[in-house]
Amino acid sequence: MASPLPGTISILNQCVNMTVTGSTSEEMRPESVILHPLGTAAAPEPDLLCIFGTGDLGRSLGLRLLQSGYRVVYGSRRPHSCGPLPQGAQVMSHAAAAHSASLIFICVHREHYDFLEKMTHHLQGKVLVDLSNNLKKGIYPEANATYLQRLVPGAAVVKGLNTLSAWALQNGLLAGKQVYLCGDSAEAKQAVAVMATKLGLTVLDRGSLSAARELEDFPLRLFPEWRLPLSVAVGLTAFFFFYLLLRDVIYAYVEQDKDISYRIMVSLGNKVFPIVSLIMLSLCYLPGVIAAVLQLYRGTKYKRFPDWLDRWMVCRKQMGLLALGFAFLHAIYTFIIPIRYAVRHKLISRVVDEMKNNKTTPFYFDDTEAWGTDSFYLLGILGLLLYVLLGLTSLPSVGGSLSWREFSFIQSKLGHLTLFICTSHGYIYGWNKFLSPSTYKWYTPPGYMLCLIVPSVVLVLKLLLLLPCVDRTLTRIRQGWERSQPSEETGEVKATNL
Amino acid sequence: MASPLPGTISILNQCVNMTVTGSTSEEMRPESVILHPLGTAAAPEPDLLCIFGTGDLGRSLGLRLLQSGYRVVYGSRRPHSCGPLPQGAQVMSHAAAAHSASLIFICVHREHYDFLEKMTHHLQGKVLVDLSNNLKKGIYPEANATYLQRLVPGAAVVKGLNTLSAWALQNGLLAGKQVYLCGDSAEAKQAVAVMATKLGLTVLDRGSLSAARELEDFPLRLFPEWRLPLSVAVGLTAFFFFYLLLRDVIYAYVEQDKDISYRIMVSLGNKVFPIVSLIMLSLCYLPGVIAAVLQLYRGTKYKRFPDWLDRWMVCRKQMGLLALGFAFLHAIYTFIIPIRYAVRHKLISRVVDEMKNNKTTPFYFDDTEAWGTDSFYLLGILGLLLYVLLGLTSLPSVGGSLSWREFSFIQSKLGHLTLFICTSHGYIYGWNKFLSPSTYKWYTPPGYMLCLIVPSVVLVLKLLLLLPCVDRTLTRIRQGWERSQPSEETGEVKATNL
Amino acid sequence: MASPLPGTISILNQCVNMTVTGSTSEEMRPESVILHPLGTAAAPEPDLLCIFGTGDLGRSLGLRLLQSGYRVVYGSRRPHSCGPLPQGAQVMSHAAAAHSASLIFICVHREHYDFLEKMTHHLQGKVLVDLSNNLKKGIYPEANATYLQRLVPGAAVVKGLNTLSAWALQNGLLAGKQVYLCGDSAEAKQAVAVMATKLGLTVLDRGSLSAARELEDFPLRLFPEWRLPLSVAVGLTAFFFFYLLLRDVIYAYVEQDKDISYRIMVSLGNKVFPIVSLIMLSLCYLPGVIAAVLQLYRGTKYKRFPDWLDRWMVCRKQMGLLALGFAFLHAIYTFIIPIRYAVRHKLISRVVDEMKNNKTTPFYFDDTEAWGTDSFYLLGILGLLLYVLLGLTSLPSVGGSLSWREFSFIQSKLGHLTLFICTSHGYIYGWNKFLSPSTYKWYTPPGYMLCLIVPSVVLVLKLLLLLPCVDRTLTRIRQGWERSQPSEETGEVKATNL
């Protein structure tokens with residue numbers, strides 16, 4: 001690395017002190033393990049950082065760096081006319097700016113990297129951070145960072161921070177965000193990691209520069225954590241749509257010669273949506289129950305869950321939000337029932353029929369029916385209210401204002417209550433139809449019966465887990481207790497876990 | 001306190017400077033009052049912090065400390081195999097780690113504290129921060145921190161930060177959070193307070209270590225600020241439910257011998273919910289009006305409000321959100337009215353009756369009725385819209401993006417407008433029934449009359465406060481003016497208040 | 001500026017070092033341009049800051065400063081009894097506090113500034129930051145800051161930070177917030193700017209102290225970014241309300257002698273709201289389309305858009321949220337249709353009429369009608385769902401958790417899909433009425449036809465922009481390509497833009 005300018009030495013003192021201390025303590029205690037050498041003497045930990053490019057990203061990054069206590073110098077081909085820059089930053093020619101700092105952010109489109117080739121001697125030994133992204137995957141044969149390294153072989157190129165947007169930088173939305181780094185020089189990566197940590201970011205090292213392509217594809221990903229839940233939702237919706245199409249519309253057409261295909265638009269949807277919603281909600285809580293059973297069976301919490309369970313647990317929130325979406329659709333479909341043409345037609349026809357047949361007591365008021373349907377609606381409304389509550393606490397700003405215990409109370413206790421209420425809503429829907437043979441058209445069970453299976457299983461398992469004896473064992477396991485007498489080694493793992 | 005390792009002395013320079021300055025200025029100016037001695041020479045203000053325990057909490061805390069500019073060393077029994085730790089942290093044996101720092105975070109379950117007893121000589125003079133929590137209240141005879149202090153009498157135990165979750169630490173959600181500290185050593189507490197402040201936390205000192213039990217119970221509390229509003233809501237709901245049950249269902253059974261008990265499920269709810277919602281909303285705005293009247297009466301804003309008023313004002317937001325929840329239920333109950341069995345039955349019966357009686361002009365269109373009911377619905381819908389708007393601005397992220405004046409405009413002006421519209425909605429509901437004697441079954445007024453009392457009082461009082469002469473006086477009082485000529489003493493209080 | 005007290009010199013070392021470096025590097029590189037001199041030797045960059053006033057704002061500001069690493073001293077007339085102050089702060093008499101720091105925040109109401117006049121000699125050469133606001137515009141002949149400067153002519157008054165509320169300061173909601181400064185001394189402003197930047201704020205210099213009045217009016221503004229969208233919404237609502245009043249109610253009264261004025265309350269609203277909602281939604285996406293056409297026409301993205309387009313694009317989010325509000329009203333108006341008196345009356349009348357006329361096949365079931373109305377409802381419901389999704393991602397905390405690509409996917413792709421679905425909803429509404437002459441009462445087209453014009457234009461233009469050849473050119477332009485061969489100068493602008 002090039003030595004910094006004479007003027008900047010004094011302000012590096014603090015860092016140097018830290019460095020010296022770090023290595024001293026390392027020498028003194030042979031049992032210590034340095035995970036990541038906290039900067040050796042040669043490592044670049046600059047106080048003054050350089051940014052090439054005065055576009056949106058460059059400006060926002062500079063602002064953020066200034067706010068984190070760094071000094072910033074911009075490199076520009078036209079230092080005298082490059083628009084408004086953050087207060088406190090300097091702007092120079094590219095060459096001068098490169099000289100003044102050992103870490104340079106390249107906030108320039110890949111298409112314009114060629115100017116860097118002409119100034120390789122200025123960039124000798126510098127750390128170049130490539131933040132660029134492409135608009136599409138695979139439009140260039142090599143990753144931007146690899147291309148940059150090829151243009152400036154004397155510099156240490158680090159790919160990273162490219163998942164940050166100018167908007168997030170400007171609005172200070174960095175706290176807790178994870179960023180990825182890769183590069184061939186461990187020292188260069190370390191310097192960038194220290195800088196990123198000071199910005200409030202969490203850094204993940206992804207290895208050598210050959211991972212650059214992967215990192216450049218990250219910002220192009222669309223909702224990766226929604227992929228699995230969305231597939232499940234689409235699959236369930238498609239299955240139940242065709243299943244009910246067969247049982248309702250095609251059955252009526254074949255067996256009764258009635259064309260009720262108009263029902264496809266709304267009636268069928270209002271059967272499919274609550275089914276999918278309930279199944280998705282139960283799929284939210286199934287992995288938690290499976291995990292508890294697994295921990296009970298293994299008698300320890302220190303064994304990793306199988307991969308499929310891990311992946312499932314990670315997307316529970318998305319599952320739940322999709323379930324809420326389907327419940328929302330179900331609610332609105334229900335609200336518009338009475339204004340539908342077919343429903344009003346049926347109502348009027350019925351009155352006219354009753355009158356024509358001239359019955360004396362045409363309208364016996366069925367008290368059981370009144371109680372049943374009203375209970376059905378009541379449970380549905382309560383379920384929706386709880387659903388919305390769960391959704392609200394999933395909002396980052398609301399969830400963030402809850403304590404851990406409050407959050408887990410809402411998501412676990414209230415979540416299982418929601419599942420229980422919505423499942424009851426389903427049971428009441430089919431209350432007196434379960435045993436009637438006419439329900440089983442073409443020997444198939446109706447959709448609502450199928451959709452009650454998974455929620456019922458989850459609720460029964462959860463109930464078993466809540467039995468005092470089981471609950472006590474599970475609590476002890478989660479506090480670190482193990483059934484088999486742990487060896488000294490595993491005892492240590494327990495001791496460090498809070 | 002034990003002196004830090006030789007290697008760490010240099011990096012403490014800045015702090016020492018600060019310390020010296022602090023005490024110098026104190027000596028120089030006898031009129032100055034030091035609220036909290038900003039660190040005496042012996043106070044531990046370490047740059048290098050030690051964490052015992054590499055579990056979730058330990059890892060997240062370490063990450064946060066690194067992001068705030070501290071160096072972190074982990075103490076572990078198995079330093080070579082303790083899983084992924086934050087980038088930049090070191091890991092050592094417990095003893096070595098304890099030696100290197102003067103402040104040690106204990107991120108270990110209480111069940112495993114015993115290993116600390118064996119290394120008391122390493123912990124001599126150190127500050128131990130006990131972050132542990134228990135799963136339930138009162139499962140141990142003494143607080144975790146008291147137990148720790150008993151195990152390691154030579155260290156200064158500080159209980160605190162235990163309300164922080166690993167999740168909040170990891171996601172950088174600390175800004176503005178309040179944490180509590182307690183401990184017997186003022187210096188140790190001061191050191192922890194300085195560290196916590198640097199993490200962006202607001203620290204509240206709760207006294208000696210005997211308060212540890214109380215602090216350990218904090219994370220086990222569930223929605224403490226919701227307790228009062230929830231009690232009020234449950235109380236009101238229960239009262240009005242039984243009141244209306246008596247007036248509607250039991251009255252019909254006793255006097256008219258009709259069993260309309262099926263109405264309990266939905267009809268009764270749709271009467272109780274809007275009543276409770278309106279009363280809760282008016283209870284949101286009543287304390288503000290009372291406070292204004294009190295300030296006018298006292299002629300100053302510098303007297304504290306009585307405790308009950310303070311407690312009431314603190315939970316206005318929760319009151320309002322519960323009112324919104326009840327309004328939401330009322331809306332959905334209303335939407336499903338036409339699909340209820342009883343309603344459809346009544347509609348059909350009515351048609352059939354009309355036909356049977358063979359009236360010539362069976363359906364006179366009552367224009368007043370049409371205007372009245374439509375106005376009733378219009379006001380209800382507008383009220384719901386405003387309710388939702390108020391709820392949205394209660395979301396932390398939305399409220400945080402508003403200026404103070406915008407927030408107060410929404411919550412005060414729009415809030416009172418919502419109350420006015422919802423109250424009108426209630427008045428129109430009973431418009432021509434107020435004077436009819438049949439309304440007063442068993443000499444009791446109907447529910448909607450009872451629920452209009454509090455909102456009407458609030459609105460009338462608010463209207464009086466908006467009279468120019470009253471408003472002017474109130475504004476002057478809130479700017480610091482006092483009716484009785486203030487003495488020199490109170491004048492000072494005014495001068496410092498913005 | 002007055003030199004700081006002896007005791008504070010040592011802690012200024014770091015800043016002085018920085019300063020020296022800054023000026024050195026400036027001298028060495030003649031091509032460098034210093035945008036804002038990063039502190040000259042005389043500039044006050046105090047580590048110890050003074051706050052006059054111990055009210056809410058003073059306390060919150062002090063807390064925030066302490067959390068950002070500053071030392072804080074309060075000036076109070078009664079240092080021994082001024083209530084709870086943030087942990088770590090000192091409190092002294094005004095004079096002593098003023099002596100100890102070179103930067104003093106005045107957190108006192110303007111009404112009490114007179115005490116500052118008596119201590120002008122203590123304030124000689126200090127930087128005074130005036131944070132005060134007034135309750136109304138224009139109640140004083142001169143700005144608070146101008147008045148302060150007149151009282152203490154020897155100090156450098158800087159007006160600024162007055163848009164921060166005590167609440168935002170306390171809750172750490174400062175990240176990315178923009179604050180304004182003005183003042184006659186560039187050095188004083190610079191010192192305040194550096195401090196504000198360290199608090200995480202973005203500083204905008206508004207010039208000399210004569211801008212103070214403008215800055216003091218900022219906190220009194222109410223939703224400035226909502227002004228234009230609200231005007232558009234009110235204008236559209238008023239226009240369509242009177243247009244439909246004429247076509248529906250007055251037409252019926254004049255031509256058919258029927259009084260259907262009761263429809264004004266709900267029916268008319270349920271026609272106006274969806275119309276305004278759809279137009280507002282299309283006005284969200286129109287400026288984006290215009291901008292793309294403009295860029296294609298100009299062949300470059302480096303020319304500024306006309307002012308009206310800029311202003312329009314800035315308030316697209318607010319336009320969309322208002323459109324969502326109107327869509328929400330439309331949905332609720334639709335849900336309550338069946339419980340309206342007029343609707344139920346019509347239904348019953350129709351049955352009775354049918355019976356009286358004694359038709360044999362009174363109720364032919366129109367399959368096309370069933371399909372048509374159900375599709376209409378389906379599109380409406382899907383549109384509402386997407387609308388709500390768009391609204392949810394507009395929440396600061398949700399939008400902040402999305403990557404740039406995800407956000408733009410939702411707001412652009414899903415937004416245009418929403419527009420398409422809602423426009424189809426409108427087309428189906430009028431499907432068989434477009435060619436019927438009875439539709440054109442008094443030769444005016446119905447409202448839904450008018451409201452389909454703008455959305456249709458936007459959708460057609462967007463479709464044209466999505467044609468592969470057009471899209472490719474636009475993408476290249478947005479990556480920095482220009483149609484006319486760029487000169488060396490413009491090439492530079494391109495190179496720095498990311």
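A note on names: the letters A, B, ... follow the listed sequences, proteins ahead of strands, and every chain is numbered from 1.
Neither the backbone nor the side chain of B:Arg59 comes within contact range of chain A; no heavy atoms are under 4.5 Å apart. Using a 4.5 Å cut-off between heavy atoms, B:Phe328 contacts chain A through its side chain alone, with no backbone atom that close. Neither the backbone nor the side chain of B:Ser267 comes within less than 4.5 Å of any heavy atom in chain A. With a threshold of 4.5 angstrom between heavy atoms, A:Ile410 approaches chain B through side-chain atoms but not through N, CA, C or O. Contact of B:Leu347 with chain A is made through the side chain alone, with heavy-atom distances under 4.5 Å. Neither the backbone nor the side chain of B:Thr163 has a heavy atom closer than 4.5 Å to any heavy atom of chain A. For chain A, the nearby parts of B:Tyr333 are the backbone and the side chain; heavy atoms of each come within less than 4.5 Å.
Going from atom CG of B:Asn270 over to atom CG of A:Leu378 covers 11.5 Å, rounded to the nearest 0.5 Å. For the atom pair B:Ile332 CD1 and A:Thr334 OG1, the distance stands at 10.5 Å (nearest 0.5 Å). Rounded to the nearest 0.5 Å, atoms CE (B:Met265) and CG (A:Leu379) are 6.5 Å apart. Distance CD1/A:Ile381 to NE2/B:His330: 12.0 Å, rounded to 0.5 Å.
Residues of residues 385-396 of chain A that come within less than 4.5 angstrom of chain B, heavy atom to heavy atom, are A:Leu385, A:Val388, A:Leu395 in numerical order.
Of all the listed residues (A:Ser403, A:Ala331, A:Ala193, A:Ser375), the one sharing the greatest number of non-hydrogen pairs under 4.5 Å with chain B is A:Ser375. Contacts with chain A were tallied for B:Ala342, B:Ser261, B:Gly269; B:Ser261 has the most, counting heavy-atom pairs under 4.5 Å. Highest contact tally toward chain A, considering only B:Arg340, B:Glu111, B:Arg221, is held by B:Arg340 [criterion: heavy-atom pairs under 4.5 Å]. Between chain A and the options B:Leu220, B:Leu329, B:Ile337, B:Leu164, the largest number of non-hydrogen pairs under 4.5 Å is found for B:Leu220.
The backbone N or O of A:Asp367 lies less than 3.5 Å from no partner atom in the side chain of B:Tyr341, so there is not a single donor-acceptor pair. Judged by distance alone, the side chain of A:Glu406 and the main-chain N or O of B:Leu222 form no donor-acceptor pair under 3.5 Å.
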Practice problem: Could you walk me through whether A:Thr368 and B:Tyr262 pass side chain to side chain contact (heavy atoms under 4.5 Å, CB included), step by step? | Solution: CA-CA 8 Å; A:Thr368 324; B:Tyr262 70 90; over 6 Å; no
Quiz item: What's the verdict on side chain to side chain contact (heavy atoms under 4.5 Å, CB included) for B:Ile339 and A:Tyr377, showing C-alpha distance, side-chain angles and the deciding distance?
Solution: CA-CA 10 Å; B:Ile339 54 172; A:Tyr377 294 133; 3.8 Å; yes
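The number of heavy atoms from other shown groups lying within 6.0 Å of NZ (B:Lys118) is above 12. Atom OH of A:Tyr429 has 12 or fewer neighbouring heavy atoms from other residues, nucleotides or ligands inside a 6.0 Å radius.
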